[in-house]
Number of protein chains: 2
Amino acid sequence: MGLKSSEKRTRRRPKQRRAVETVNAVLDTVIRILKREGFAALTTNRIAEVAGVSIGSLYQYFPDKQAIFAALHKRHIDEIDHLLAATLMEHAGSPLDRLMRALVEAMVDAHTQDPELYELLAATVPHRAAGTRDFAIRLHGAFLHAISSRLKKPKKRRELEKTAFIVTHMVESLSHGVVLRRPPGLSLAEAKEEAARAVLAYLRA
Amino acid sequence: MGLKSSEKRTRRRPKQRRAVETVNAVLDTVIRILKREGFAALTTNRIAEVAGVSIGSLYQYFPDKQAIFAALHKRHIDEIDHLLAATLMEHAGSPLDRLMRALVEAMVDAHTQDPELYELLAATVPHRAAGTRDFAIRLHGAFLHAISSRLKKPKKRRELEKTAFIVTHMVESLSHGVVLRRPPGLSLAEAKEEAARAVLAYLRA
DNA sequence: AAAATTTGTGAAGGTTTGCTCACATTTTAG
DNA sequence: CTAAAATGTGAGCAAACCTTCACAAATTTT
């Protein structure tokens with residue numbers, strides 16, 4: 001691997017459709033290998049082999065192995081980003097409780113597929129990375145706005161910031177916990193509902 | 001690396017004091033290298049070099065590289081374990097709000113040193129690992145008991161389980177978030193207090 | 001149809017890595 | 001003091017790794 005910050009030599013960007021497919025095949029393959037064979041088996045040559053492309057093709061679009069991780073992480077963040085934006089849009093007129101339930105639902109669904117994978121990615125790609133920070137800031141802003149516009153008694157900016165910070169993390173981490181660490185005997189639906197209730201309890205206090 | 005489950009050939013266990021010191025030097029060095037040089041620089045030879053022991057000594061106590069990670073993770077879990085046990089003991093007679101504040105405080109303090117490191121460890125060592133699971137179960141049990149004995153209106157077992165699940169994760173992840181993702185302008189003390197308030201709001205609802 | 005561009009190929013170089021083993025040294029036990 | 005056990009050593013090997021490069025094939029442009 002290589003988690004150091006390195007020169008960002010930009011490689012060729014895919015122009016034709018087949019090139020885009022190559023890039024996607026690579027990223028999908030990384031996920032598949034991580035799930036089926038584990039972190040240790042994730043070598044550049046194996047990625048190329050399983051993806052059905054040559055190792056040379058891989059290096060046409062990724063300057064080094066670490067860049068593949070970054071791209072994968074970005075793809076995941078973008079997914080979540082769109083999902084949350086859509087949920088916020090869809091519930092623009094909904095009251096707070098409906099919105100929060102929907103947000104928890106969306107986050108849980110987004111992580112139900114490969115929760116462990118994205119935990120590993122989140123830990124592997126540092127928080128300072130450009131995309132990660134931007135995402136966190138946008139998320140925080142979106143929550144702040146959503147909450148602010150639904151409060152009966154307006155809060156001070158500073159209080160709002162605190163509230164948004166807590167709510168953002170509650171939604172994110174509880175969703176994560178619901179998927180990944182829910183004890184046996186507790187259904188997904190129940191866990192989701194309880195997580196939403198926790199968020200709402202805080203917001204109403 | 002090697003995250004696959006492998007044969008657990010047990011190596012020599014340190015009997016003398018200097019052997020224990022060797023083992024600790026190795027573990028401390030891993031942390032130091034991770035912080036200063038990053039994940040990529042963490043090779044067995046480099047660990048030995050920085051720790052001031054020979055590579056041979058390292059392999060006297062760790063069957064392979066992965067085992068070093070596991071040991072480090074275990075050490076961290078044990079620390080948290082003792083800390084939480086102590087906090088629960090110390091506040092055996094305290095009301096819920098004092099206890100929760102103390103718990104958040106303890107968790108935050110425990111992660112203030114190297115938050116990123118332990119995030120990486122948590123993601124690297126799978127949740128199914130023996131120690132990790134045991135810890136989660138103990139933690140859950142402790143929270144359940146602490147909450148249960150302080151409720152005025154007793155809850156059903158099933159409800160209690162849910163509550164303990166949520167509270168455990170709130171304390172854990174909010175503490176983590178307070179340290180690692182707190183937005184600039186929000187003090188540690190303020191963030192801690194707000195996290196505790198969130199937990200209490202949920203418990204009172 | 002030719003030229004230019006984009007995409008795909010994979011053998012192999014040069015480096016690095018995890019780990020062993022035969023042996024030296026230190027500590028404990030008898 | 002001697003034997004046995006525990007601990008420490010580090011050169012070096014076999015394996016694995018990332019990445020390059022010279023070139024071929026496919027596609028687009030002129």
Side-chain angles (χ1 to χ4, degrees), chain A residues 1-30 33-34 37-72 124-125, chain B residues 1-30 33-34 37-72 124-125:
Chain A
M1 296 242 335
L3 295 191
K4 293 177 161 184
S5 60
S6 53
E7 291 182 30
K8 293 182 181 179
R9 276 177 307 166
T10 304
R11 290 284 159 111
R12 176 164 283 167
R13 222 168 301 179
K15 299 276 186 183
Q16 303 174 10
R17 188 178 308 168
R18 61 184 179 139
V20 176
E21 276 163 10
T22 297
V23 170
N24 284 331
V26 167
L27 295 181
D28 292 342
T29 299
V30 171
I33 293 177
L34 277 175
E37 304 173 46
F39 191 90
L42 197 77
T43 69
T44 52
N45 285 289
R46 178 111 186 95
I47 294 169
E49 179 192 335
V50 176
V53 304
S54 82
I55 179 66
S57 288
L58 192 156
Y59 276 93
Q60 295 271 355
Y61 307 103
F62 300 99
D64 56 30
K65 196 184 174 184
Q66 153 69 6
I68 306 176
F69 274 73
L72 201 54
T124 300
V125 178
Chain B
M1 293 249 332
L3 295 190
K4 293 177 159 182
S5 59
S6 54
E7 293 180 29
K8 294 183 182 179
R9 276 177 305 165
T10 304
R11 290 284 159 109
R12 174 167 285 166
R13 221 168 302 178
K15 300 274 185 186
Q16 303 175 9
R17 189 180 307 169
R18 60 183 180 141
V20 176
E21 276 162 12
T22 297
V23 170
N24 284 331
V26 167
L27 295 181
D28 292 342
T29 299
V30 171
I33 293 178
L34 276 174
E37 305 174 45
F39 192 90
L42 197 77
T43 69
T44 52
N45 284 291
R46 179 110 185 95
I47 294 169
E49 179 193 336
V50 176
V53 304
S54 82
I55 179 66
S57 288
L58 193 155
Y59 277 95
Q60 295 272 355
Y61 308 102
F62 302 98
D64 56 29
K65 195 184 175 184
Q66 152 70 6
I68 307 176
F69 274 74
L72 201 54
T124 300
V125 178

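The chains referred to below are lettered A, B, ... by the order of the sequence lines, with proteins before strands, and numbering in each begins at 1. Scope of the values below: all heavy atoms of this structure, side chains included, with no hydrogens, waters or symmetry mates.
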At under 4.0 Å, does any side-chain N or O of [X] touch on OP1 or OP2 of [N]?
| X | N | value |
| --- | --- | --- |
| B:K65 | C:dG18 | yes |
| B:T44 | C:dG18 | yes |
| A:S57 | C:dT9 | yes |
| A:T22 | C:dG8 | yes |
| B:R11 | C:dC19 | no |

Tell me the interatomic distance from [X], atom [atom1], to [N], atom [atom2], rounded to whole angstroms.
| X | N | atom1 | atom2 | result |
| --- | --- | --- | --- | --- |
| B:I55 | D:dA11 | CD1 | P | 12 Å |
| A:F39 | D:dC17 | CZ | C1' | 13 Å |
| B:F62 | C:dT17 | CZ | P | 19 Å |
| A:Y59 | D:dC17 | OH | P | 12 Å |
| A:Q16 | D:dT29 | CD | P | 9 Å |
| B:Y61 | C:dG18 | OH | C1' | 19 Å |

Report yes or no: is there a donor-acceptor pair, N or O only, under 3.5 Å between the side chain of A:D64 and the base of D:dC18?
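Per atom types, no contact qualifies.
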
For B:R13, which contact category applies under a 4.0 Å heavy-atom criterion: base, sugar-phosphate, or nothing?
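Since only primed, P, OP1 and OP2 atoms lie under 4.0 Å of B:R13, the category is sugar-phosphate.
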
Name the nucleic acid region contacted by A:T43, choosing base, sugar-phosphate or nothing; use a 4.0 angstrom heavy-atom cut-off, strictly under.
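Contact class for A:T43: sugar-phosphate only.
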
Closest-nucleotide 5' rank along DNA chain C - winner of B:Q60 and B:R17:
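That would be B:Q60.
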
Out of C:dC19, C:dG10, D:dT27, which nucleotide sits closest to the side chain of A:R18?
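Shortest atom-to-atom distance from the side chain points to D:dT27.
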
Salt bridge between A:R46 and A:E49, side-chain N to carboxylate O under 4.0 Å?
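The answer is yes: the pair qualifies as a salt bridge.
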
